[in-house]
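Below: the structure, in structure tokens.
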Amino acid sequence: MIRVNVFVEGQTEETFVRELLYEYFQDKNIYLNPILVKTSSTGKGGVVSYAKIKPQLNRKCLEDKSAFVTTMFDMYALPNDFPGISSEPKTSDPFQKAEHLEQEMGKDIGHKNFIPNLLVHEFEGLLYSQPEAFAGWFDASVVSILQAECNAFPSPEHINDHPLTAPSKRIRNCCNGYDKPLHGSLLAIDIGLDTIRQQCQHFNQWLLRLESIIP
């Protein structure tokens with residue numbers, strides 16, 4: 001069985017890996033191990049500084065060269081010291097931006113067992129894969145609001161990263177009491193991995209890449 005250490009930036013993403021991805025990949029002889037990034041000596045979570053995260057990624061890559069290391073970080077609100085930020089392509093295509101940043105992070109880490117990955121634009125974007133799932137946790141009226149917002153974009157991953165209109169902000173605006181650590185992974189479980197993969201092209205490409213590590 002091949003081990004893949006998945007660095008995540010929060011408790012929600014950690015649960016998402018354990019509850020949605022773990023069993024799927026275990027059936028393919030790939031063991032996913034979620035690791036919450038450390039941002040200080042006492043705190044964990046959040047990509048607030050690439051300089052604090054890089055040593056953690058490097059260390060894990062060197063620790064066991066037969067294992068792989070990957071990331072599940074939001075592209076939204078990346079820190080200014082993140083590789084490729086200063087040379088980001090001037091395009092409205094979020095996939096091109098993500099691929100550029102991932103390539104630059106891959107070059108900066110520089111280990112063959114490192115697989116860079118960013119969520120476009122953030123974890124909550126995945127939840128737009130099936131707005132109907134929100135009816136199980138919030139007032140049913142939010143479904144039509146979320147569906148209309150999703151319909152305004154080519155895909156859930158295109159929902160923009162403006163500070164006021166990022167997916168997480170949109171969800172909080174209409175879902176009273178939305179709490180990411182509580183609702184995020186539960187909604188994702190209700191939606192299901194297959195639906196998320198169908199709706200979210202870049203996310204699916206990451207999973208295909210992880211699947212391909214088995215010869």
Side-chain angles (χ1 to χ4, degrees), residues 1-38 44-45 47 53 56-75 94-95 98-99 101-103 105-106 109 111-137 150 155-157 167 180-215:
M1 186 172 282
I2 293 179
R3 175 187 286 262
V4 179
N5 297 297
V6 187
F7 278 82
V8 298
E9 59 175 284
Q11 180 189 337
T12 307
E13 292 82 0
E14 185 179 25
T15 305
F16 178 85
V17 172
R18 288 192 193 283
E19 299 294 331
L20 259 84
L21 302 185
Y22 181 89
E23 188 174 341
Y24 174 81
F25 278 95
Q26 188 178 39
D27 289 344
K28 297 180 180 299
N29 255 0
I30 298 171
Y31 169 70
L32 297 190
N33 174 43
I35 301 171
L36 196 56
V37 293
K38 295 179 182 178
K44 286 186 178 182
V47 182
I53 289 166
Q56 298 171 58
L57 298 176
N58 269 325
R59 191 161 49 246
K60 207 68 186 172
C61 286
L62 292 167
E63 197 175 90
D64 180 1
K65 292 185 179 179
S66 66
F68 288 82
V69 175
T70 190
T71 55
M72 191 175 155
F73 299 153
D74 292 348
M75 186 167 77
F95 302 138
E99 286 163 12
L101 293 166
E102 288 167 352
Q103 286 170 8
M105 177 166 58
I109 297 299
H111 296 292
K112 289 182 179 177
N113 58 339
F114 180 61
I115 301 172
N117 171 63
L118 297 172
L119 292 177
V120 183
H121 286 95
E122 60 177 342
F123 174 81
E124 274 85 354
L126 303 179
L127 304 182
Y128 273 88
S129 298
Q130 192 178 75
E132 294 92 341
F134 284 79
W137 302 94
C150 191
S155 80
E157 290 178 307
K180 181 179 176 179
L182 173 63
H183 297 113
S185 53
L186 292 171
L187 283 161
I189 290 165
D190 285 351
I191 293 165
L193 186 59
D194 288 345
T195 299
I196 294 173
R197 293 186 75 164
Q198 288 164 14
Q199 296 293 319
C200 300
Q201 171 188 325
H202 188 78
F203 174 77
N204 184 51
Q205 288 299 320
W206 174 53
L207 298 193
L208 289 172
R209 190 170 177 193
L210 294 182
E211 289 171 8
S212 73
I213 64 178
I214 294 287

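Residues Ile35 and Lys60 meet the side-chain proximity criterion, which asks for heavy atoms closer than 4.5 Å. At least one side-chain heavy atom of Leu57 sits under 4.5 Å from a side-chain heavy atom of Phe114. When side chains are defined from C-beta on, Leu21 does not count as touching Leu210, because their heavy atoms never get closer than 4.5 Å. Within the 4.5 Å cutoff, no side-chain heavy atoms of Glu102 are placed close to those of Met75. A 4.5 Å side-chain heavy-atom check between Gln205 and Phe95 finds every atom pair outside the cut-off. Residues Leu207 and Leu193 have side chains in contact (heavy-atom distance under 4.5 Å, counting atoms from C-beta outward). In this structure the side chain of Ser129 never reaches within 4.5 angstrom of the side chain of Phe203, judged on heavy atoms. The side-chain heavy atoms of His202 and Asn117, taken from C-beta on, include a pair separated by under 4.5 Å.
Sequence neighbours left out, the pairs with a member in residues 206-215 that pass salt bridge (charged side-chain N to carboxylate O under 4.0 Å, His left out) are Arg197-Glu211.
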Q: Given side chain to side chain contact (heavy atoms under 4.5 Å, CB included), test Tyr24 with Leu32 step by step and report yes or no.
A: CA-CA 10 Å; Tyr24 174 81; Leu32 297 190; over 6 Å; no
Q: Any chance you could lay out the side chain to side chain contact (heavy atoms under 4.5 Å, CB included) test for Phe123 and Glu9, step after step, and finish with the verdict?
A: CA-CA 10 Å; Phe123 174 81; Glu9 59 175 284; over 6 Å; no
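Around the CD atom of Gln26, the shell of radius 6.0 Å holds more than 12 heavy atoms that belong to other residues, nucleotides or ligands.
Counting only distance, with no hydrogens or angles, the side chain of Gln199 and the backbone of Tyr128 share no donor-acceptor pair below 3.5 Å. At distances below 3.5 Å, not a single donor-acceptor pair connects side-chain atoms of Ser185 with backbone N or O atoms of Thr15. Not a single donor-acceptor pair under 3.5 Å links the side chain of Glu14 to the backbone N or O of Val8.
In plain terms, the two heavy atoms of Ala188 and Ile196 that are nearest each other are O-CD1, 4.1 Å. Scanning both residues, Lys180 and Asp74, for their nearest heavy atoms gives NZ-OD2, 4.4 Å. For the residue pair Pro156 and Cys150, the shortest heavy atom distance occurs at CG-SG, 4.2 Å. Between Val120 and Pro94, the shortest heavy-atom distance links the atoms CG1-CB, 3.5 Å. A pairwise comparison of heavy atoms in Cys61 and Ile109 identifies SG-CG2, 4.3 Å as the closest pair. Between Ala67 and Asn5 the shortest heavy-atom distance is CB-ND2, 4.3 Å.
Separation of atoms CG (Leu20) and CD (Glu13) is listed at 12.5 Å; rounding is to 0.5 Å. One distance of note links CD1 of Ile213 with NZ of Lys28; it measures 11.5 Å at 0.5 Å rounding. Atoms CZ and NE2, from Phe68 and His111 in turn, are 13.5 Å apart once rounded to the nearest 0.5 Å. Atom-to-atom distance recorded for Thr70:OG1 and Asn113:CG is 11.0 Å, nearest 0.5 angstrom. Atom CD1 of Ile53 sits about 13.0 Å away from atom NZ of Lys38, to the nearest 0.5 Å. Considering CD1 of Ile30 and OG of Ser212, their distance stands at 8.0 Å, rounded to 0.5 Å.
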